[in-house]
Amino acid sequence: MAAILALSYFHYAGSVDTTRRTISAKTGQNHYLTTKQTAPKSVLFSRKKLKLPNVSTRQEAILLRLESGFTEDALHLFENMNTRDPSVWNVVIRGLTTNGYFQHALDVYYRMRSEGIRADNYTYPFVIKACAGSFSLVEGQKVHSRLIKVGFDLDIYVCNSLVAMYAKLGLIGLAERVFEELPVRDLVSWNSMIRGFVSVGEGWNALLCFREMQEVGLRPDRFSIISILGACSLECLLRYGKGIHGQVIRSRFELDVMVQTSLVDMYGKCGRVDYAETMFERIYQKNIVLWNAMIAGYTRNGKPIESFTCLKKMQEEDKLNPDIITAINFLPSCAQIGALLQGKTIHGFAMRKGFLPHLVLETALVDMYGKCGEQKLARKVFSNMSERNLVSWNAMIAAYVQNGHNREALELFQELWKEPLNPDATTITSILPAYAEVALLRESKQIHGYVAKLNLSSSTFISNSIVYMYAKCGDLQTAREIFDGMLYKDVISWNTIIMAYAIHGFGANSVKLFSEMKEEGIKPNASTFVSLLLSCSASGMIDEGWEYFTSMEKDYGIYPGIEHYGCMVDILGRSGNLDLAKRFVSEMPLVPTARIWGSLLAASRHHRNIEIAEHAAKHITSLGHDNTGCYVLLSNMYAEAGRWGDVERIKFQMAKEGLEKSPGCSTVENNSKIYKFINLDMSHVNTDAMYDVLSIMSRKIGEDIYIHSASKLRPLDVIRKRSTSPEFHSVRLAICFGLIQVSLGSPVFVRKNVRICEACHSAAKKIAENTGREIVVGDQKMIELDACDSLYNTKRYYYFIEREREKIIESDFLCGEIK
DNA sequence: ATAGGGTTAG
């Protein structure tokens, strides 16, 4: 078959556009022409269409070859014909279109015209279909204007094809116009229009169209039903879909496998996989499409195990091999349970079967690898892709963010701007957490501006992320302003703003917001209490902490999770009652994690209780995580107590485990650039000025005993004081650098990779008071908080909205009997 | 003889 594509007899066909193109639908969806879509399909003509009276034997022979998929042979016969009846041309164009050779069909059409043979109303529907098939709007519009010229623009067959073509190209407006201008509309016209709305994602309009069709007295047929079930899925209208199901049962379509498949699909998409299952089980003859729909239903509804079983049953019971769609539908199930091995198996299977390259499948693989924690493999698939669309980019960006590679995610996001693609809501949703992590205020403001431009500011989910992003960047005020301006605040919005105040240590505000939240009738969830307890811990509100901790179970029926216990250890540790904290850990009903012991260790460090620190450290090291931080902390404590033997012992232990102390460093942001400092840092261009400012500041805040300008520093003095004196800690250097560099009126944002020490914390406060500058310092504590709010869930929010909508239309839409 | 259909990633 490849030979036919190489034959040269199509070269004269005129200016036929063979480039691949992307058509953006109103919905922002992209339709892509992939190599798979243009590949020849050995689609057979239906038998009933074959009976052609009064045709020459030659023509019949051509038709026979075309319908059996022997396109090349057919074309040879065609080329050798002398007398060419217009109907022969029609047969050839129809054959090429039906077999998927859209470009060749168009070539033959142009050749037909150049040879002076008039295309008729039988020619155009196929030519139009070929335009749609090759996703060529240019061709389509050329043909459209041509047929207006020759007066076929009122032919119902031609116009119905045009409606379908424009809809397929995503230009629903043009489809509507052709539809509106039709003098007479038959069932096919309506079906094409309904299908069109569904295919661009406008389920609502499809429903309106469906109702209008019945109002003008037409009864839906199986095509209408299949399309309208698609509309139900789009709008998540379970009740309405059930109504259609009722009509189907009373109609003669009950045993139509396509209608049945659409029903299974609809139930799956409306969240009732149980209905889909019942329906599915009752179907006697299951084809691959039906199996795929069922697998997709399980996957979509978070039932990966059932999806696995279903795939197995498909192979065992019906001896069906997975196809591309099966693979695409199945991969998210692997992703959901982190079944890397099974995902890889599918990947290998797809390669052996020659499914690759395939845009959608590769995107699903990127997503699967990303969710299985293999961002490197995801990147490998992504980089190998011959074609990428926005969805592929979104999947790759998400893969980086999900695995904590925020820098890479941001770099990729920057690269995306060079592509002829526009980031959408999904892109923004994926990238915002990366912005929050990296916390560059200026860049965050830029992305915020873009969100406003995209009109996404009204999305609760996205606004929540933006509030969080500003809070993490240190700009609490803007975070609050955005929160106050939100139209719909859900529980996550409240959790986020409470957390924002917690991060900044304004516990009182968190508490106030919590009562406001309750007044608004928003029910707190587990995350709300994490935020609240963190607030209490950060602001030293010990009694309130206990109160919330006991109230969450008593008043709200929320059982404390490991995070809540962690916060309580922090709170108790802060109070200085380390024995109580220790007892709390030993009596908690959950197995303490490294995070819990870490809290106890930090508290012991704070209150210089070596005994309990050793106890906590023993547990941490036994858990086998990265013990570096734990060793360093313990070592510092021994040093402070003058227990040098123990310091040496830990040093030896670290060397044995191949661990190195990661130097504490601080960063400060200026003009979207990050400047990094280590303790005693002298590597920066402004070192002298920086130390001068530090010297002045230290004097002002009463810590000037050891300070001299940098040039007068003698390293030995410094080294001797290292473990105890915080005067040259990186945080202070970063602050001073910021004071010099950041323009007046803008806040100075400093972050530290490990926990900031108490002395630096109070020094920062005093420097802020003295200079009148706003200084925001974030440390490890702030970073730890990220893991807490795991309840971000887009789906839940949208689902809620859809429920509400269903109530509104339920009474409005009553479809008539189906013929 | 002509047109309209189901499964597809985030």
Side-chain angles (χ1 to χ4, degrees), chain A residues 29-30 32 34 36-37 45 48-55 59-60 63 87 90-91 93-94 97 120-129 132 155-165 167-168 186-196 198-199 221-227 229-230 233 253 256-266 268-269 287-297 299 323-329 331-332 335 358-368 370-371 388-399 424-427 429-430 794-795:
Chain A
Q29 261 188 324
N30 293 299
Y32 274 81
T34 67
K36 292 289 167 200
Q37 279 166 301
F45 287 16
K48 73 168 197 227
K49 289 176 187 169
L50 248 186
K51 288 171 192 153
L52 307 176
N54 310 320
V55 283
Q59 185 171 338
E60 211 167 42
L63 192 63
S87 66
N90 287 353
V91 161
I93 292 173
R94 172 184 155 199
T97 302
D120 59 15
N121 52 327
Y122 296 118
T123 323
Y124 283 110
F126 290 110
V127 174
I128 294 165
K129 200 178 177 185
D155 183 288
I156 193 158
Y157 287 92
V158 172
C159 289
N160 288 346
S161 311
L162 280 172
V163 171
M165 177 193 78
K168 193 173 181 195
D186 67 359
L187 188 58
V188 178
S189 319
W190 287 95
N191 282 347
S192 305
M193 202 60 238
I194 295 169
R195 183 72 230 154
V198 174
S199 64
D221 66 357
R222 54 198 287 271
F223 294 100
S224 329
I225 297 302
I226 289 163
S227 296
L229 285 172
S233 308
F253 307 126
D256 184 312
V257 73
M258 286 184 184
V259 172
Q260 289 172 322
T261 305
S262 298
L263 280 165
V264 168
D265 179 52
M266 182 274 294
K269 283 181 177 157
N287 63 18
I288 184 89
V289 180
L290 179 60
W291 282 101
N292 286 346
M294 195 62 234
I295 291 172
T299 303
D323 64 1
I324 291 191
I325 308 284
T326 321
I328 293 167
N329 289 347
L331 281 170
H358 184 283
L359 177 68
V360 179
L361 181 53
E362 284 163 313
T363 305
L365 284 167
V366 169
D367 177 55
M368 182 276 293
K371 293 209 171 94
R388 302 181 192 104
N389 65 9
L390 189 58
V391 184
S392 332
W393 283 83
N394 289 350
M396 192 58 230
I397 289 172
D424 67 355
T426 308
T427 325
T429 312
S430 306
T794 350
K795 291 264 155 51

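Here is how names work: the chains are called A, B, and so on, in the same order as the sequence lines, proteins then strands, and each is numbered from 1.
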Under 3.5 Å donor-acceptor pair, A/Asp256 side-chain atoms to B/dG6 base atoms: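 Per atom types, no contact qualifies.
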
Taking atom types as they are modelled, would you say the side chain of A/Asn389 forms a donor-acceptor pair with the base of B/dA9 within the 3.5 Å cutoff?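 Per atom types, the contact qualifies.
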
Where the side chain of [X] is defined as all heavy atoms beyond and including C-beta, which of [options] is the nearest nucleotide?
{"X": "A/Ile325", "options": "B/dT2, B/dG4, B/dT8", "answer": "B/dT8"}
{"X": "A/Asn191", "options": "B/dG6, B/dG4, B/dA3", "answer": "B/dG4"}
{"X": "A/Asp221", "options": "B/dG4, B/dA3, B/dT8", "answer": "B/dG4"}
{"X": "A/Pro332", "options": "B/dA3, B/dT8, B/dG10", "answer": "B/dG10"}
{"X": "A/Lys371", "options": "B/dA1, B/dA9, B/dG10", "answer": "B/dG10"}
{"X": "A/Ile328", "options": "B/dG6, B/dA9, B/dG4", "answer": "B/dA9"}
{"X": "A/Val391", "options": "B/dG4, B/dA9, B/dG6", "answer": "B/dA9"}

Once you round it to whole Å, what is the distance between [atom2] of [N] and [atom1] of [X]?
{"X": "A/Leu359", "N": "B/dG10", "atom1": "CG", "atom2": "P", "answer": "13 Å"}
{"X": "A/Leu331", "N": "B/dG10", "atom1": "CG", "atom2": "P", "answer": "10 Å"}
{"X": "A/Leu365", "N": "B/dG10", "atom1": "CG", "atom2": "C1'", "answer": "14 Å"}
{"X": "A/Arg94", "N": "B/dA3", "atom1": "CZ", "atom2": "P", "answer": "6 Å"}
{"X": "A/Phe126", "N": "B/dG4", "atom1": "CZ", "atom2": "C1'", "answer": "12 Å"}
{"X": "A/Arg195", "N": "B/dG4", "atom1": "CZ", "atom2": "P", "answer": "12 Å"}
{"X": "A/Asn329", "N": "B/dG6", "atom1": "CG", "atom2": "C1'", "answer": "13 Å"}
{"X": "A/Ile93", "N": "B/dA1", "atom1": "CD1", "atom2": "C1'", "answer": "14 Å"}

Below 4.5 Å, heavy atoms only, C-beta onward: do A/Leu290 and A/Gln260 meet side chain to side chain?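 They are not in contact (no side-chain heavy atoms under 4.5 Å apart), so the answer is no.
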
Hey, are the side chains of A/Ser224 and A/Leu187 touching, using non-hydrogen atoms and a 4.5 Å cut-off?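 Answer yes - side chains close enough.
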
Take A/Asn329 and A/Thr299 through the test side chain to side chain donor-acceptor pair (under 3.5 Å) and record every step on the way to the result. CA-CA 7 Å; A/Asn329 289 347; A/Thr299 303; over 6 Å; no

Remember a base hit wins even if backbone is also touched, and classify [X] as base, sugar-phosphate or nothing at under 4.0 Å, heavy atoms.
{"X": "A/Asn287", "value": "base"}
{"X": "A/Tyr124", "value": "nothing"}
{"X": "A/Asp367", "value": "sugar-phosphate"}

Please step through side chain to side chain donor-acceptor pair (under 3.5 Å) for the pair A/Thr427 and A/Asn394, ending with a clear verdict. CA-CA 5 Å; A/Thr427 325; A/Asn394 289 350; 2.7 Å; yes

So, does A/Asp265 use its side chain to make a donor-acceptor pair with the main chain of A/Thr261 at under 3.5 Å?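 No, the answer is negative, given that no donor and acceptor are paired below the 3.5 Å cut-off.
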
Can you tell me if A/Tyr157 is stacked onto the base of B/dA3, using a 5.5 Å centroid cut-off and an angle below 30°?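 Base of B/dA3: not stacked against A/Tyr157.
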
B/dA9 phosphate, OP1 or OP2: any side-chain N/O from A/Arg388 under 4.0 angstrom?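 Negative; the distance criterion is not met.
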
Any side-chain N or O of A/Lys168 under 4.0 Å from OP1/OP2 of B/dG4?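 Result: no.
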
Polar side chain donor-acceptor pair, A/Asn292 to A/Asp323, under 3.5 angstrom: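 Indeed, the side chains of A/Asn292 and A/Asp323 share at least one donor-acceptor pair under 3.5 Å.
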
